[in-house]
Each structure stands twice: as structure tokens, then as C-alpha cells.
Amino acid sequence: MATITHDTDVLIIGGSAGGMYAAINAFDMGAKVMLISKALLGRGGCSATFGYIGGTYSSKKNRVAPPLDSTEDKSFHDKIKYYGHYLADQEFAKKAWSYNETFYHRMEEMGLYIRRTDDGDVVTSGGFGYGPISPKLGTTGKGIMDVLRSQLFTRRVPILEESTGVTLIRSGERVTGAIIYDYMKGTLIQIHAKAVILACGHVNWLWDRNTATREQAGNGLAMAYRAGAELAGIEMVWWHIADVAYPKAWMRSHMYPNPIPMTSEVVEFYNSDGEMFYHGNMYRGAQPSYYISCKYLTRQIQAGKARADGGYFAYFGKIDPYNLREYSTVGSYLEKLGLDPQKDMIECAMTSHQQRGGVAVDHDMATRVEGLYIAGSLAADFVTGIITVAWEAETAARSAVEFARRNPRLARGTTIRGIEKKFSDLLSAVPRSPIAPSVVKERIRQLMGKEMGYFKDGEKIARAIAGLREIRRDLVPRMQIRSKNPVANYELLDAVDVPDMLDVAELISIASLKRTESRGAFYRSDYPIVDNKNWLKNIYLSGDVSEPTVKLRDVNLKYVRPADETADFLTSEY
Amino acid sequence: MRFAYYPGCTAKGSTQEVDIASRAVASHLGIDLVELVDAGCCGSCEIKAVNPDLHLMLNARIMALANEQDLELLTVCDTCQANLVATARVLDRDQAKRSDIVERLRRTGVNYTQPPRTRHFARVLLEDVGLQKLSEKVVKPLSGIRVASFACCHTFRGDGKDDRNRGLLERVTEITGADIVPVRVDGDCCGFHILMVNDELAVRAAGKFLSRCKDEGVDCIITSSPLCHTAFDIYQNAAEIALDRKINVPVLHFEQLLGLSLGIRPKRLGLERHVVSVKSLTSKVAA
Amino acid sequence: MQDGQKVTLKVRLQEPGTGSSRLASYDVPYGKDMRVIDALNWLNAEGESIAYRWFCSSKKCGACAMKVNGVPRLTCWEKLEAESLIEPLDNFEVIRDLVVDREPYQARYLSLKPYISRTHTPSFPEPLKHTDILGTYKLMDCIECGICTSGCPAYSGVDGPFPGPWALVQAAKFARDPRDELDRSLQLENSGVDLCMSCHRCDELCPVQIPIVREAIEPLRGIAARGPTGKASFPLAFAENIRGNAYVHSTSLFLKTRGVFGVIGSLGMIARMFTHGKTKLFGRGSETARRAIRALFAAAGERGIT
């Protein structure tokens, strides 16, 4: 395989919202930037497909709601409670949530059209006005990605698409670049950089049913971990109930429980007996009422009136079809299936959706590894939303650019020769009883879906860990790549992804085993209590994969604390 | 049966045989065509690019002229037809636009109220005369004649499209007794609308269809649009040069094919006006 | 179709750099509401090594467009039929199997400046109404799947004279944004936008149902027509022609558009047109007609167009 070398100041790995926003900022701060995107730029990751901007905008007062101590519904405490399950560093959250006004302004300047009414008011939804859309509920992420992409074009930032990070380059304790595999062209690229920002996003693809995109394989978490960073809170995986069950291809298609823009109307969820068991307005407190809805679904599953993989339905019949069509893309999915949103219901199933934890960072988005920064949801931030991602990306860019100003580029460290050998070994391997890498990937995902889904207990998690180790031991050495040409070789890509997926899945499972409580979207039926007495802590992992160093650290509860010591998970609010 | 007849530009100009043949067929079937002599151009695909409101006004005026006659509107060109229908749809759907256009027309002395029912001649024949009656009037069945029809893109795509336009030319072919040879695919286009700007690109597009007609041993092509006809007939030689292949397939307006089967003499159908000689067809028909 | 029923897929496979392809046949068990990409994903999970590009499989990333039974389709959107022929998109170079090269096309249309060019605004929200942005609103739905360009009869490759609808939708998205301040007429008159055949095939194929010709191409043609060099000004010449004659007078239009050399070059065809009675030296519009048409032009704000 051909290898190329590049030099840059700030190398950004991750081509979705976090990566693109960081690249724009770093470029504008005067740095030489290079951006690597595993998917086509801005078309993969969570950001390409999310539905609306979660930051509060008050249509009544026609302004962005202030972040702290607000007298409006979306107060700081509510967000820490419902978004962060009291696990977020509250000082960090305060800083991240200060970005609302800046975000809206900058995005609009960059050309984002935040949907207005014919009279010029910002379109929001619900009684308190949240969820601005651009252009519609369902394709807001895409709208934002389109704008960020266009801004990168006008700046002519060097971009490598369909390229994945293989390993960070280390020189002593410092990260000094990365080795990238361009899987479309079949080349390896060695990039020497003064600072590296990882913006690789979520890893929902590790589960068979998920809201992810195909390229996610945990490469960012794996690279950071191997470079010596700590991971925190990776057991905190969110789950959805409102994603389409059939066709399977549409499992990302979300029947948003939030009010349809311009209205307070919401979709209703019915069990297999035809009883309505949930809608978003039942729960005024929780803004993304996603994990709350999981609890309602759990009760239906326990009563035998729904399953995690189907048997319950979303119904739009009480929603004005004009609003459904005008402000949302949701109706187009039903119509494509020949369903009438007014009369018919669409079957849904649970999906894994986002991780609240990730790579541990300080308030400047720096990891504990010199030269390594994180932007976006790859960070262990315990808060969610595009606005947080943007704040993190700008902060990471500033930190990385500052570091790049003060430090030289080092053209040494991890050699590419080891990686070249790894790739040529993969291509030339002729194992006995060969197995396709895509089959191994599928096994990992089926295993995670089965044992590490929403419904977990110690035994299931232990089976997941054992299963993952078995796959690593028995199946990985059997992987064979049939085509020897590295150009657009998806078998080779899958073979490179599998070890990262195994490592990340195992670490998530180990962390899940450690947390002996339930909280937010993290549910263990063997520990069905929210334990604020013992568990206002985060789990930090570092070192080895199968035997990580585990540290428990108290959460910074600077501003707000939970009222109760313990609570029954299935009936509590978070 | 009486209609306000809007021939457009090409049907009375470079493809005047459309007007000739349409009148001959209409007269033969007892259909009265009242020509809207001062209707002017429908704007083709050019005016909507430079002034969308002017485009609406040109077409609204044509419809108003038909209403003055208190008659339904009949067209012989699919682009005219699509422009008229699309205009009627816009003015029906967008009340603000409608008020504006109606007012501006009023000041020039044009009174647009409702659109008249507007159909292409092919639809009028099949809907109002009907397949049965037309078949009964065929005196010279075109048995064994292999006919490939080319429906204009504007009949089934774009803002003026209508599902009822699908298959019209095939049914005409069936009535005449000729053989339907399916050649056109949805991805084809005759290229007419860029002939003036880049004829090479245009004739390459037309050439794809013409070449397949030649492969299929087609005896003639029929069109419902004089613009498609222009691309395939007047520019057939240019296509041959671009393809480096002789085609020599006559291209008829559907009215002419129907007319032949109804026993109307070729001279009354304007067949001598085509650039690609129709002799290979007329001699086969006469035989 | 029933769950579990066997469905056949014939897939065109091609090793990189070979230029020759073969068809491979597969059987896939049908599942409820299956999309085409579900079948490819099933085969992938079973270990088949077909190369195909996709990310979201839910009509947002635009990556999974392929030719299905001869028609370019978004494979995550279209339902699976009992028999399917799956091939790479036409009009793009094949990299491997069903993966085509998008890069040259994207590189070419960067010249149309697909980004906004504007001065800064004081704060959010800027004064803007939805009615202001209607011209570009539908174009924001474009997922850049490439289907329109793949099916376009006027597009003849990345070095051809017509850029294809994809590039034009992206250009129009910004050109029609009231906040964009760039004068795009020079780029547009050089872009080849005037070579659109108005066949609406792109409209028909667009999976997100953008009326591409009306919302993107025609407005861009209008801008290009008024560009500084006049090379894309045919629509204006046409307009002037009917303003003067009420009906199209093809002789004078031909002369105006092609110029003297163009006429000389086409003498053979012109001669045939005269001998076959296909054109006249003088226009046919009556004075009534001309007056009426001129009045419409005036009412539409078109004073003199040259």
C-alpha cells in the first residue's frame, strides 16, 4: 500500500459537527489545519441525522433563553437532572451552556436558515419554545452539516474523506500526529501535527439496532485510550424507543416524541393491545424525554404488551397533517410505506442512541495526554446537543491552536512501518476456516444488542464480556480478506475496525459491570435503584483493555444536588 | 365538437404540416377547430427563466382568449400544453400570485377568470371520439408497419404533466392497426430545447433514441410534439453525423399516421414537408 | 411479498482499475418493508464482499444511490422488488462494484462557489421571514445523492459542457438565498446551465422531490442570461424575438443566436428548411398580436431586452 506524509499544525480527526466546527475555528485562528473524515464529509455520525437544535429559544420573547438561573422551564437544574443525570461536571456544563447565543448567531452568519414563520418569528415547539429547526424537524443536523461543509470549502481547508484514524503517533508522552488509512484510495497517510483534536463522535454502531451511521466503530475512543487518555462514563448509553422497526434500514428514523414545531402536539405511543402508554406531554419536566419513555416502555414490556424489538406503535393521528408535512420530515417515511399518518400506526423498536461519557477532558477540552484534545460527543461531557458540541469544538480549537503556537512539530515517534506491516498481514492472511470481517463485525453487534441492551443485569454483562473476548481470541485470527487490492476495500476496513470495536465494547461492558445502580438511561435490573448516596461518581478507565485501571471520582456538584438519596429507578424522573 | 384551437408557433411555422394534418383529421372527424389567431407564443422554456410572471401572463392570456370563445382549449404541441396547464395550476394554488397576475392582465385589456379545460389533440381524440369510434373509421389499416412513439417529456414530467397523457401515442398506433414497437425509455429526451445553443449535445441525446429505433427496424417514429419532431426530423442528419451512422427513419406527427389510416391522402397531411423522406413508409403503406 | 420469501439480486461487480464487470446472483430472504439496501446489508452480514457506500440508510446522507433495474435510485428509500439488478450509477467512474467516484464532480462544481457570501449580522435572529427565503427553501432538502446527474440526458461526464442538476441545485441554493451577496452571473454564464434540456428527468428521479428545473435551473438560467459576456443570453434573444413577432420567428432567432458564421455553417440545413417550406423570411404575427404581446412584456416589467 502506498504511503504519503503530510505536515500540519492542527490535525482534526472526525468529519461531522465537532470536527468541522473545530476546523473552521482553528483555521480562523490562523493555524494550518487538516481534517480527516471517515464518512463523506458531514454525512456520517450523529450530526448528519439529528432532528432539531436542542438549545432553548423562547419564541414568546423572541430571544435565546439565558443559560443559568432562568425563570423559564429549562433551568440549569433541570438540565443537570434530566440531561446529565447529575453526573455532569457542573462547572463544565455551565460553560458549555453559555454558548447558546453565540451558536445561533455564528451559524446564521455562516448561512444556516433557522426556520421562521411568514412573519419572521423563529419556529420552535412546545409551550416553552424549544427545538429550533433548520430546515425541518428531522433534517436539522443535515442542514447544519451542509453549512459547515460549505464554510470549509470557502476556506479551502485540506480534507481527506473516507479516511479513518488507525493510531495516534506518540513521541514520548506527547501525541504528535496520527496515521490515517484512506480506505477509498487504499493508501496510508502519516500526518505530523503539533496538536491533534479527535472528534470521532458516538459509537452506537456497536449495537445491532442503533441510530448511528455505518462507519462508526469506536476508532476515536480506541485511539485515545491506546495513547494513554482516560475514558469516563462510557457505561452511560442512551436508548430510544421511538425509532422505526421496519424496514430495518430506517432504524435511524425517529418518530420524535417532542412537540411538532409551531405546536404543542406530540406523537402518541400505543402498546400491542392498542392502549396509549406514552406521549411527550405526559412529562413536562424532561426535555428530551427519551429515557423517561424507556421507563414507560419497560412497564409495557413487563406486562407483555410490547417488546424491545417491536410490538408497540407510534401514532400521529391527533396531529394536524399540515404541521407534520410543513415542519417535519417524519410524515414522509409513513407515506413512503403507504401508511396514512392520520389513520395508521408505525411499529417502533428500541435503539442505542449516544453515549454520555467518552474521553475524559478538562474544561479546555484537553485530555491528560499532551497535545491531544477532544471536540464533540467523543468527550466525556454528560451533556448533549449540537450547541454543546460547538462550544467544545471551539474550545478544543483554541486550546490546540495555543498549544501549536508554543510547541514545535515533531517528525518522529510511532513509525508507520508497523502499521504498513499490519495492513499487509491482513491483506495476505490465509487462515484455516476463514471468516469474513463483516461477519465478525456483525457478531459483535448482535452480541451487544443481546446482552448489553437497555435491559441488563450482571450476568448478561458478564456474558457480553466473555463473548467479546471469545470473538477476539477465536474469530479475529480467522479474518480473511478476499480482494487483495486495497482500493475501496471494505473487507480491509472492517478488519481494521473489528479490534477497535472489540476494545471499546469490552470497556463499555466492564464499566457497566462496575456501576452497581441504575440512573438516567442506564438500567440494571439487578440494581434497580438510583443510588445518590454511593454513585454520584464517574467511572474512569485507563491502561489495559481487559484489565483496566478503574478509578471512581466524585462528580463536581457545584450548583445543584439531587433531592433524594435513593429512588426506585422505574418510577423516578431520571 | 368545437374547440378553441391554439397551434402555438412551430405548428404554423417550421412544422406547418402539424396544422395542416390536424385540420385534415379534425375535419374528417367532424371536429370544428376555431383558431385563436392572435394568441402569440406560450413562452416555451425560455420566458420562465427570464421572467416567470411574464410566462404566466402569456399563458393566462391564451386561456382567456379561449374563454372569450366560450370553448375548451385544444393544443397540438406538448410544450404549449404543459405551459398552459402549469399556469392554470399555479394561478389556482397561489392566490396572491393570481391576484397580481389577473390585475396586471386586466390593465392590458385581458380578462382571466377560470382556465378552460385544456387538452392536447391526442387526448381529445381518445377521450371524446374514443378508441372504438376511431377504429371503426380506419379504412386503411397499417398492418405490419412498425411504429415507435416518442412521447414528449413534458407530457409526463414537469409542472404541466398529467397521468392521462401516458400511453396516448401507443393507443393511436393501435387504432391505426400498426405494430407498437417500444423504444422510448423514460431517460430519453429529444434535446430540442438546446438545439439553438448547443446542437451537438442536443443531437447526441436525440441520437440515442434514433439509434435504437434503427436497431429495432422501426418503419417510422410518431410524435405528439412538433418540437420533438423537429429534433428527430430536421436534425436527423446532424444526429447521423454525430453518431456516424445512417438512420433514415421517417418521423411523423401522430395526426399524419392516424390520417393515413383514416384514408386521408398524404398530400393533405403535409407529408412532403418533412426533411427525412417518408417514401419508405408511404410505399410500404400503399403496398 | 411474504416474510422469508426468496428474493433475487443480481449485482454488478467490478475490481478496481479493471474496467470490466461481471454479474453475480444472490438470494436474499425477504423481510417486512425491506429496502434495497437491507438486502445488501443482509448479504454483507453473511460475509459477501460487495463494495457499496452508505452511511445513514434513512434518506439524509445521500451516499447509497445506485442503479436499480436500470433507474438511479436511493437504495435506502426504495422498496425491494422480487428481482433486482443492482449496478453502479451511470455518469460516474466506478471505483469498485457499486462505489462510484464523487470527487471529480465535487471538485468541478466548487467553481460555482457553493457557499454563502455575506456581510456580518449584528445578532441572532437576523430580520428574515420565511417568505423571503422561499426561493431557496426546497433546495435545502438536497442530500447530494447524485441521482439527478446520473439520470440526466444532457450530462456527458465531468469534462462535458453541462454541469448536471446536482451542481446547479447547490449553486442555486446560494444564488437564490436573499442573504447571499455575490454576483454569480459570470460564473453561471460559464457554467453551462443554459444546456439544460428542460426534460425534468431530474425532477422525476429526485428522492426528496425537489422541483429542480423550476426551483434551481430556470432561475440560474435567468441570472446567466443577464451575465456580462452574453454567452448564455439565448432566453433573452428568444424573449426579444417573440416580443417583436408575437410568435417565434425562427429565421431571425437563428441568425441572432448563431451569428453569420453559424448561419453559413448550417447553410445546408437552412436550405432544406426553405425548400421544405419549414421557414419563412417574415414573421406571421399580426399587428394585433404584436401589440398585445408587447403590452404583456411591458406589464411584466420587460422594457427593452437586448
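Naming convention: chains lettered A, B, ... in sequence-line order (proteins, then strands); numbering from 1 in each chain. Basis for what follows: all heavy atoms, side chains included, without hydrogens, waters or symmetry-related copies.
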Quick one: of [options], who has the most non-hydrogen atom pairs under 4.5 Å with chain C?
{"options": "A:Ile435, A:Val147, A:Asn489", "value": "A:Asn489"}
{"options": "A:Ala245, A:Gly141, A:Pro437, A:Gly138", "value": "A:Gly138"}
{"options": "A:Gly44, A:Ala249, A:Ala212, A:Gly143", "value": "A:Ala249"}
{"options": "A:Arg106, A:Lys248, A:Glu108", "value": "A:Glu108"}

Nearest 0.5 angstrom please: [X] [atom1] to [Y] [atom2], how far?
{"X": "C:Glu144", "Y": "A:Lys142", "atom1": "CD", "atom2": "NZ", "result": "7.5 Å"}
{"X": "A:Glu109", "Y": "C:Ser123", "atom1": "CD", "atom2": "OG", "result": "9.5 Å"}
{"X": "C:Asp141", "Y": "A:Asp146", "atom1": "CG", "atom2": "CG", "result": "10.0 Å"}
{"X": "C:Asp3", "Y": "A:Tyr246", "atom1": "CG", "atom2": "OH", "result": "7.5 Å"}

Do [X] and [Y] come close enough that some side-chain heavy atom pair is under 4.5 Å?
{"X": "C:Lys79", "Y": "A:Leu337", "value": "no"}
{"X": "C:Arg53", "Y": "A:Tyr490", "value": "yes"}
{"X": "C:Cys61", "Y": "A:Thr213", "value": "no"}
{"X": "A:Lys441", "Y": "C:Asn44", "value": "no"}
{"X": "A:Ser483", "Y": "C:Arg96", "value": "yes"}
{"X": "A:Ser253", "Y": "C:Ser58", "value": "yes"}
{"X": "A:Arg43", "Y": "C:Ile143", "value": "no"}
{"X": "A:Glu161", "Y": "C:Arg102", "value": "no"}

Does atom [atom1] ([X]) have a neighbourhood of more than 12 heavy atoms from anything else shown, all under 6.0 Å?
{"X": "C:Gln5", "atom1": "CD", "answer": "yes"}
{"X": "C:Glu46", "atom1": "CD", "answer": "yes"}
{"X": "C:Glu181", "atom1": "CD", "answer": "yes"}

Indicate the ring-plane relationship of C:Tyr137 and A:Tyr113, choosing parallel, tilted or perpendicular according to the 30° and 60° boundaries. perpendicular
Would you call the rings of A:Tyr104 and C:Phe124 parallel, tilted or perpendicular, where under 30° means parallel and over 60° means perpendicular?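 Rings of A:Tyr104 and C:Phe124: parallel, under 30°.
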Between A:Glu347 and C:Lys32, does at least one N-O distance fall below 4.0 Å, as a salt bridge requires? no
Check C:Glu103 with A:Lys185, please: is the shortest side-chain N to carboxylate O separation under 4.0 Å?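 Judged by the 4.0 Å cut-off on N to carboxylate O distance, A:Lys185 and C:Glu103 do form a salt bridge.
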Heavy-atom cut-off 4.5 Å, strictly under: side chain, backbone, both or neither for C:Met140 against chain A?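 It is both, since atoms from each part get that close.
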Let me know if C:Arg118 has heavy atoms under 4.5 Å from chain A in its side chain, its backbone, both or neither. side chain
Taking A:Asp121's backbone N and O only, do any of them form a donor-acceptor pair with C:His130's side chain (distance below 3.5 Å, no angle check)? no
If we ignore angles and hydrogens, is there a donor and acceptor under 3.5 Å between the side chains of C:Thr131 and A:Arg116?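 No, no side-chain donor-acceptor contact under 3.5 Å.
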Are side-chain N/O atoms of A:Thr139 and C:Lys59 paired as donor and acceptor at under 3.5 Å? no
Tell me, for [X] versus chain C, whether the close heavy atoms (under 4.5 Å) come from the side chain, the backbone, both or neither.
{"X": "A:Glu491", "answer": "side chain"}
{"X": "A:Ala48", "answer": "backbone"}
{"X": "A:Arg445", "answer": "neither"}

Please confirm whether the ring centroid of A:Tyr333 lies under 6.0 Å from the ring centroid of C:Trp77. yes
